[in-house]
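Below is one structure, written out as structure tokens, with a few remarks after it.
Order of the sequence lines fixes the chain letters, A, B, ..., with proteins taken first and strands second; residue numbering starts at 1 for each chain. In what follows, every heavy atom counts, from backbone to side chain, and hydrogens, waters and symmetry copies are set aside.
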2 protein chains.
Amino acid sequence: MDNGDASKGRRIQAVEISCELLTALERFNSAGVSELAAELGRSKATVHSHLATLLDQEFVVKQGTEYALSLRFVELGEHAKSGVDIHDIAGEEVPRVARETGEVAQFMVEEHGKGVYLHKARGENAIQTSSYVGSRMQLHCTALGKAILSQFSRERIRAIIDETGLPRHTSNTITNSEALFAELETVRERNVAFDEEEVVKGLRCVAAPVTAGDRAAAISVSGPTSRFKGDRFHETLPELIRDAANVIEVNAVQV
Amino acid sequence: MDNGDASKGRRIQAVEISCELLTALERFNSAGVSELAAELGRSKATVHSHLATLLDQEFVVKQGTEYALSLRFVELGEHAKSGVDIHDIAGEEVPRVARETGEVAQFMVEEHGKGVYLHKARGENAIQTSSYVGSRMQLHCTALGKAILSQFSRERIRAIIDETGLPRHTSNTITNSEALFAELETVRERNVAFDEEEVVKGLRCVAAPVTAGDRAAAISVSGPTSRFKGDRFHETLPELIRDAANVIEVNAVQV
DNA sequence: GCGTCCGTTCGCCTCTCGCGAATAGTTAAG
DNA sequence: CTTAACTATTCGCGAGAGGCGAACGGACGC
């Protein structure tokens, strides 16, 4: 029973402050000492010495009087990605799905109870979506997320719901945990998850779970309701995306 | 006179430890408490509480008994990249250069006295190179680096050399600062920098400075000596890469 | 069973580091 | 040019944070 988080043990306050600082810099893109001090509810002196340390460590850059995230994070991010064993394989499959469907194809893995987009490719007719590589999303409201949740035990899902809740995005969002469990059951049966305008009105999505490697993952196609309906939505695309998931799983074995 | 780093002021030891921890995790991909404690020369207890904090903050993941960098860094990395104003423009130009030449094209910006690769595209005949998006390189030994250094004042270059040195990679590496200054003078005159097997034997490279936006940058083509010689190396490619740099600069103005 | 490795926890004691206040710079307005 | 209102930066103090050694508890491998 090694629970992921929530264990006891000591926490280092100074590290917490620096982490919050980096997170704030992510929101601001670039900010000065006073601005950040106000944001964190800390003294300017404290923020200043933290920034000086992060600058020394090259985790932050300083242009004039403003601080910003350093490109060091690009390097760390690449390493983190390469730690996901099926990352490269999915990287071949996602553009293929995008090309064949002409829509947006994406790949997501679970981390800390949230979904992280790791690949995104746009086909010929692809619409604009707000997700980007690295962005995080709750799992209950997307097809990708539901395809991931379907791989977990009831207790694990319960824990995730308790931590993050089931906030509503549109009138179709599932906000009731029993309804979610019921839907996940059908996902398991059909091996496909759907998003019928549960995040954004007019946007539908089909996703299949990818059960390979050490993390829960999923692959999807997204598009407008105008093209995502009838047989294409209920038969053609599910089959296509299940195949894509299968290709990833099969290739993963050989690694 | 706001010097980039090296200023006085207090440093937070706990933050330094966590930064070193993250850097160690980058090297190891994944590691346990004891391993990391040994690596940093710290007690297991200390490392443990730092990891617990970083886990809480979701900067690190724990699988079983091993810790690894979280995908959070992918998100932070994307934000850091988007902070480089010419990033997207260069992202269009690099693949074009790769396609037109059939070789490897790359884009680099300076940060903390080092060069960071931000784009890499491979043409039809592209060879394998060890660089990847996010990887860092000293500036004295690559064409990209020299194209970047050519944009700096003598004092700034002096400071960078003093900090990082001029380590040798091949018999062609410039390891003498006067020779470097002389070479940079010709780079400024011709607006192109060359790498004649100064990093890897058999690998040549042509780069042009990109002076737009808030950071020094450069764009390049790389290939084998067998194809990088004669007029192509000394005339055709320099002209092509200067044009590409120019396109980025012109497009940057419109932003 | 024992020995050895691991991760985790505990308590002590020091020196870190968060804070408020004072000091510099820097820009803007009068 | 002066004053005012911002900044970033530095200083000194004192509480409590946090680094450490040691003890503990679980997991393997003999």
Measure the distance from [atom1] on [X] to [atom2] on [N] and round it to the nearest whole Å.
X: B:L51; N: C:dC6; atom1: CG; atom2: P; result: 15 Å
X: B:E66; N: C:dG7; atom1: CD; atom2: C1'; result: 12 Å
X: B:H48; N: C:dT9; atom1: NE2; atom2: C1'; result: 8 Å
X: B:L36; N: C:dG7; atom1: CG; atom2: C1'; result: 12 Å
X: A:K62; N: D:dT7; atom1: NZ; atom2: P; result: 16 Å
X: A:L54; N: C:dC17; atom1: CG; atom2: P; result: 13 Å

Practice task
Using only side-chain N and O atoms of B:Y67, determine if any of them is under 4.0 Å from OP1 or OP2 of C:dT8.
Solution key: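 Yes.
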
Exercise for the section: Would you tell me if any nitrogen or oxygen in the side chain of B:S34 comes within less than 4.0 Å of OP1 or OP2 on C:dC5? Expected result: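 No.
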
Interatomic distance, [X] atom [atom1] to [Y] atom [atom2] [nearest 0.5 angstrom]:
X: B:M137; Y: B:S130; atom1: CE; atom2: OG; result: 6.5 Å
X: A:L40; Y: A:T46; atom1: CG; atom2: OG1; result: 10.0 Å
X: A:I248; Y: A:D88; atom1: CD1; atom2: CG; result: 11.5 Å

Identify every side-chain donor-acceptor pair in residues 68-79 of chain A under 3.5 Å, counting partners at least two apart or on other chains, and give the distances.
from: A:S70; atom 1: OG; to: A:E58; atom 2: O; distance (Å): 2.9
from: A:S70; atom 1: OG; to: A:R72; atom 2: N; distance (Å): 2.7
from: A:S70; atom 1: OG; to: B:E111; atom 2: OE2; distance (Å): 3.1
from: A:R72; atom 1: NE; to: A:E75; atom 2: OE1; distance (Å): 3.4
from: A:R72; atom 1: NH2; to: B:E26; atom 2: OE1; distance (Å): 2.6
from: A:E78; atom 1: OE2; to: A:K81; atom 2: NZ; distance (Å): 3.4
from: A:H79; atom 1: ND1; to: B:E26; atom 2: O; distance (Å): 3.3
from: A:H79; atom 1: NE2; to: B:Y132; atom 2: OH; distance (Å): 3.3

Handout entry: Closest non-hydrogen atom pair between A:V199 and A:C141, with its separation
Key =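 Heavy atoms only, the tightest pair is CG2-O, 3.0 Å.
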
Practice task
Please list, chain by chain and in numerical order, all residues satisfying salt bridge (charged side-chain N to carboxylate O under 4.0 Å, His left out) with A:R156, sequence neighbours excluded.
Solution key: A:E110

Practice task
Report the residues that fulfil salt bridge (charged side-chain N to carboxylate O under 4.0 Å, His left out) with A:E66, sequence neighbours left out, ordered by chain and then residue number.
Solution key: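 By the salt bridge (charged side-chain N to carboxylate O under 4.0 Å, His left out) rule, A:E66 matches no residue at all.
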
Exercise for the section: Kindly indicate whether the side chain of B:M108, heavy atoms from C-beta on, has any atom under 4.5 Å from the side chain of B:V116. Expected result: no

Practice task
May I ask you to list the residues of residues 21-31 of chain A, by number, that have any heavy atom positioned under 4.0 Å from an atom of DNA chain D?
Solution key: none

Problem - Carboxylate-amine/guanidinium proximity below 4.0 Å for B:E185 and B:R188 - result: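 Result for this pair is yes, salt bridge flagged.
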
Exercise for the section: Using a strict cut-off of less than 4.0 Å between a Lys/Arg side-chain nitrogen and an Asp/Glu carboxylate oxygen, indicate whether A:K146 and A:E183 qualify as a salt bridge. Expected result: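 Between A:E183 and A:K146 there is a salt bridge, with a charged N closer than 4.0 Å to a carboxylate O.
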
Practice task
Measure the angle between the two terminal helix axes of the helix from C:dG7-D:dC24 to C:dG30-D:dC1, five base pairs each, and quote it to 10°.
Solution key: 50°

Problem - NZ or CZ of A:R136 within 45° of A:Y117 ring axis and under 6.0 Å - result: no

Completion exercise
B/S/- along nucleotides 19-28 of chain D (protein heavy atoms under 4.0 Å) is BBB-------

